[in-house]
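Working notes for the structure below.
Residue numbering restarts at 1 for every chain, and letters A, B, ... go by the order of the sequence lines.
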Amino acid sequence: MFPQDPPSGAPQALAHLAASPLLAHLNSEQLAAVTLPAGHALILAGAGSGKTRVLTTRIAWLLQNGYATPGGVLAVTFTNKAAKEMVTRLSAMLPLNVRGMWIGTFHGLCNRLLRAHHRAAGLPQAFQILDTQDQLSAVKRLCKQYAVDDERFPPKQLAYFISGCKEEGLRPGSVPAHDSDARKKTEIYQLYEEQCQREGVVDFGELMLRSHELLRDNAAIRTHYQQRFAHILVDEFQDTSKLQYAWLKQFAGDTVDGRLQARGSVIAVGDDDQSIYAFRGARVGNMTDFVREFDVRQQIKLEQNYRSHSNILDSANALISHNSQRLGKNLRTVQGPGEPVRVYEAETDTQEARWMVEEIGQLVQHNGFERMEIAVLYRSNAQSRVIESALFNAGMPYRVYGGLRFFERAEIKHALAYLRLLENPHDDTSFLRVLNFPPRGIGARSVELLQDTARTAGCSLHDGVGAVAGKAGANLAAFVAMVRALRAQTQGLSLREIVEQMLESTGLVEHFRSEKEGADRIENLQELVNAAESFVMQEGLGRDAVALPTQSPASQGLDPDSPAPDEPPARMPDGDTGETLSPLAAFLSHAALEAGDNQARTGQDAVQLMTVHASKGLEFDGVFIGGMEEGLFPHENSANARDALEEERRLMYVAITRARKRLYLSRAHTRLLHGKTRYNAPSRFFDELPEGALKWITSRPRGWGIPDSGALNGYSSSAKDPFGFQSKTPSSPPAVLQEAAPAQGLRAGMAVFHNRFGEGRVLSVEGRGDDARTQVHFPRHGTKWLVLSIAKLTVVDC
DNA sequence: CCCGTCCGGTTTTTT
DNA sequence: ACCGGACGGG
């Protein structure tokens, strides 16, 4: 998974620095980055350039040479996986304990900060964290309560709006309310905030925003951390949002008269060419802002790639050079050209998948590839189905990434809701989730009654139960009593025992035992017990301390971090020395912040299937990228705006650079999508790859020939189109116009003329007869859908 | 309360 | 085509 050591050591001039074993095997760029003097720096780290290694070695080097103390290091990553990786590698490099360091995800560190300063942040110490699902259900509940028109304001959209506002750093009071719609949404945002505050819960956005405000508004706390963290390191900086960047600045120093007076050194590591998360708030512009606002003097590019052969790298470089907005970077390798990038054009998506499976079989059988080292990447999840079924039919083991993660499964969320109620009975979201699960005769009527009562009294549902009379009241009271009894029973038990007792008392396991599909769920619940057993205490994140042995009474709380000896004398709690959380509360935070594995677990050597997004940061010997078609990749929703198109191109860049030895690109003429057959033109990205690095292997003889597979399934399109496209270079459209596939002889790639829009290029054609429609891109008017029976189109050029 | 049926959405995703 | 959520009858 990690690039091999560079073949030669550092250049002579720097050789003395490399004397330390820590620095051995670094190339000169890496060495320069690791040994940067104090000050802010931007490291542009290309794909496969040893970025993580540089980051961790930098920290180790700072510590080893006494330039930093563990307590003075703050390292932020984006995912738990990356944080864990950093901790693991760091502890392999240094005997030192990593306990004093703050290494974790943005949200994990926010959690740590807010727990330590919950009072100043205005939160209960045991605040619960809402994940996206929880947030949505909280919004739905709110909408119901205030009778919000869910046609006009769908809860989903409201949740999105609220998250967006927080991401921008906006509280309801400062949201610009242009129209009545915006005002109404903001009003709901306000109510949502009040609800969360009342219930003692925070969503992901709130974790970030609240801790940003905590630092911004509390000089003592801010100064404390600014003095403490002399070294701040940020991974995947290109993925940071506006708020995350603002958050970092609070740690770095105060802004006086518009100028940032940073105390510590901030090192941002990132790759603008791999910025693929703009759609969820990432702002590549943070990189240039960082250089300007921090007055960055040191910029280092890591361009030496240790991963791929040069045909692959050349392809990546050529492709990305078509982007206009770049900081500029060119990957190089000392490995030879290697195999050409193979391009395959299939008739149908099914055939494309079948070809992939065949090819994978070859790689495994004849080229000694491990299945695990082969990945099939696609732009969208919908594409996985055909590939899966082809693999399945061939009996080839595979593993699909994505889907529900462990802590997101319904039965697990139910169990967690009970555990949360033990910590905080006023968490209405959790209360409602399990109030009648397993069923205990509390129907919608009773719930409404209770909600009304609680609303009138201005209290939580839990506290409102006493005021509900009658049969409904009795059932409700029984539920509350059950939870209360459970709370009493679990006093002093270990985390594992608490979970077991909960599963027992609430009847969850019992309930699933009687369900026909309950076996899996029971297994998952058992897995939750195991997770509790092996839960490693983590304040902040990425701190994998010791697994809890059968621990001393829970009431003792966590063994607090022994403050690092070199800790600056601090009177305030700072996440290391502050009040500690109960193991249960810590476990619940862990569950919310780290949803766990989402990959079907198999010990087996299996082919890996995933979206291109999910492949970021991974590498494989062989990589297949399917569906290289206009509309799919680049995706049709992105093809028209330049920024969006450039992000698609970066996405393709990420996909290409995953491959070490073999890269395959493929496309299909015909694809079944949303139940309709689509005819897609080849992806424009083919035009942007260097012809010399490619090899077109479509197993159809050039020019004439019997299609080897086109007629296999009797697809109507292949019957009418016996020759398919000719196998040829991608940059020019097919030389010979074949007979119409779908309608009026129109095919993707053709140039057409429209009386009003002028000349344009056909992107796709779908449907037949009177329903036939075509998507045409007109240079001056953008992309239009035209119904063939209505629009007058003339074919200009094939 | 459970189960069937209809309807809508369907790029990418972490925390 | 297909999945998940919402709704209504048994």
Side-chain angles (χ1 to χ4, degrees), chain A residues 76-83 104-111 129-137 140 144 150-151 154-157 160 163 166-167 202-209 211 236 239-241 243-244 275-282 349 377-386 389 401-405 407-408 410 436-446 511 514-516 541-542 589-596 598 610-617 627 631-639 644 647-648 650-652 654-655 671-678:
Chain A
V76 200
T77 65
F78 240 80
T79 63
N80 290 299
K81 201 173 149 199
T105 62
F106 279 101
H107 294 86
L109 296 178
C110 286
N111 178 45
I129 299 166
L130 302 185
D131 66 14
T132 318
Q133 286 176 36
D134 299 332
Q135 188 196 26
L136 182 61
S137 62
K140 278 183 182 163
K144 208 165 254 171
D150 57 1
E151 298 277 284
K156 242 197 185 136
Q157 200 195 304
Y160 178 80
S163 302
K166 292 190 180 185
E167 199 52 66
V202 298
D203 59 37
F204 288 132
E206 188 70 25
L207 279 173
M208 283 299 320
L209 182 52
S211 47
E236 304 279 17
D239 285 339
T240 52
S241 69
L243 179 58
Q244 284 159 339
S275 158
I276 55 173
Y277 286 112
F279 71 91
R280 66 171 197 216
D349 50 352
L377 310 183
Y378 33 80
R379 176 64 179 82
S380 68
N381 285 307
Q383 288 167 254
S384 77
R385 185 171 293 289
V386 247
S389 78
Y401 282 68
L404 265 201
R405 331 243 300 286
F407 285 113
E408 291 166 356
N436 197 35
F437 192 93
R440 43 178 78 88
I442 303 174
R445 263 270 38 111
S446 309
H511 170 78
S514 60
E515 211 175 59
K516 51 184 182 299
L541 262 195
S589 301
H590 165 81
L593 288 170
E594 187 168 4
N598 61 2
M610 67 192 83
T611 63
V612 179
H613 281 94
S615 76
K616 191 169 160 218
L632 255 189
F633 203 0
H635 195 271
E636 53 197 347
N637 299 357
S638 305
E647 179 147 318
E648 292 287 308
R650 290 192 291 268
L651 198 50
M652 182 66 194
V654 167
R671 182 174 298 275
L672 215 54
L673 195 65
H674 305 321
K676 276 187 191 133
T677 304
R678 308 213 337 181

Validation row: [X], [Y] side chains within 4.5 angstrom (heavy atoms):
X	Y	result
A/Y378	A/V612	no
A/Q135	A/F204	no
A/T611	A/N381	yes

Exercise. Does A/H635 stack onto the base of B/dT11, taking stacking as ring centres under 5.5 Å apart and planes under 30° apart?
Worked result: yes
Problem set entry | Aromatic-base stack, A/F279 on B/dT11, cutoff 5.5 Å, angle under 30 | no
Exercise. Where the side chain of A/T105 is concerned, which of B/dT13, B/dT15, B/dT11 is the nearest nucleotide?
Worked result: B/dT15
Exercise. Counting side-chain heavy atoms from C-beta on, which of B/dT13, B/dT15, B/dT11 comes nearest to A/N637?
Worked result: B/dT11
Exercise. Can you name the side chain to side chain contact (heavy atoms under 4.5 Å, CB included) partners of A/A644, sequence neighbours left out?
Worked result: A/S638, A/A641
Strictly under 3.5 Å: I want the nitrogen or oxygen pairs between protein and nucleotides 1-3 of chain B, one per line.
residue	atom	partner	partner atom	Å
B/dC1	OP1	A/N436	OD1	3.4
B/dC1	OP1	A/N436	ND2	2.3
B/dC1	OP2	A/N436	ND2	3.3

For this session: Specify the separation, in whole Å, of atom CZ of A/R405 and atom C1' of B/dT15.
Result: 8 Å
For this session: For A/F106, report the nucleic acid contact type (base, sugar-phosphate, nothing); a contact means any heavy atom under 4.0 Å.
Result: nothing
For this session: Rounded to whole angstrom, note down the C1' distance from C/dC3 over to B/dT14.
Result: 23 Å
Problem set entry | Side-chain N,O (A/N381) to OP1/OP2 (B/dT11) below 4.0 Å | no
Exercise. Just to confirm, is there a sub-4.0 Å distance from OP1 or OP2 of B/dT15 to any side-chain nitrogen or oxygen of A/N80?
Worked result: yes
Exercise. Given A/H635 and A/R379, is the side-chain contact (heavy atoms from CB on, under 4.5 Å) satisfied, shown in steps?
Worked result: CA-CA 8 Å; A/H635 195 271; A/R379 176 64 179 82; 4.1 Å; yes
Seminar exercise, completed: Once base and sugar-phosphate atoms are separated, protein heavy atoms under 4.0 Å mark nucleotides 1-10 of chain C, 5' to 3', with B, S and - as BSS--S----
Problem set entry | N/O donor-acceptor pair, side chain A/T132 with base B/dT15, under 3.5 angstrom | yes
Exercise. Parallel, tilted or perpendicular for A/H613 and A/Y277, by the 30°/60° rule?
Worked result: tilted
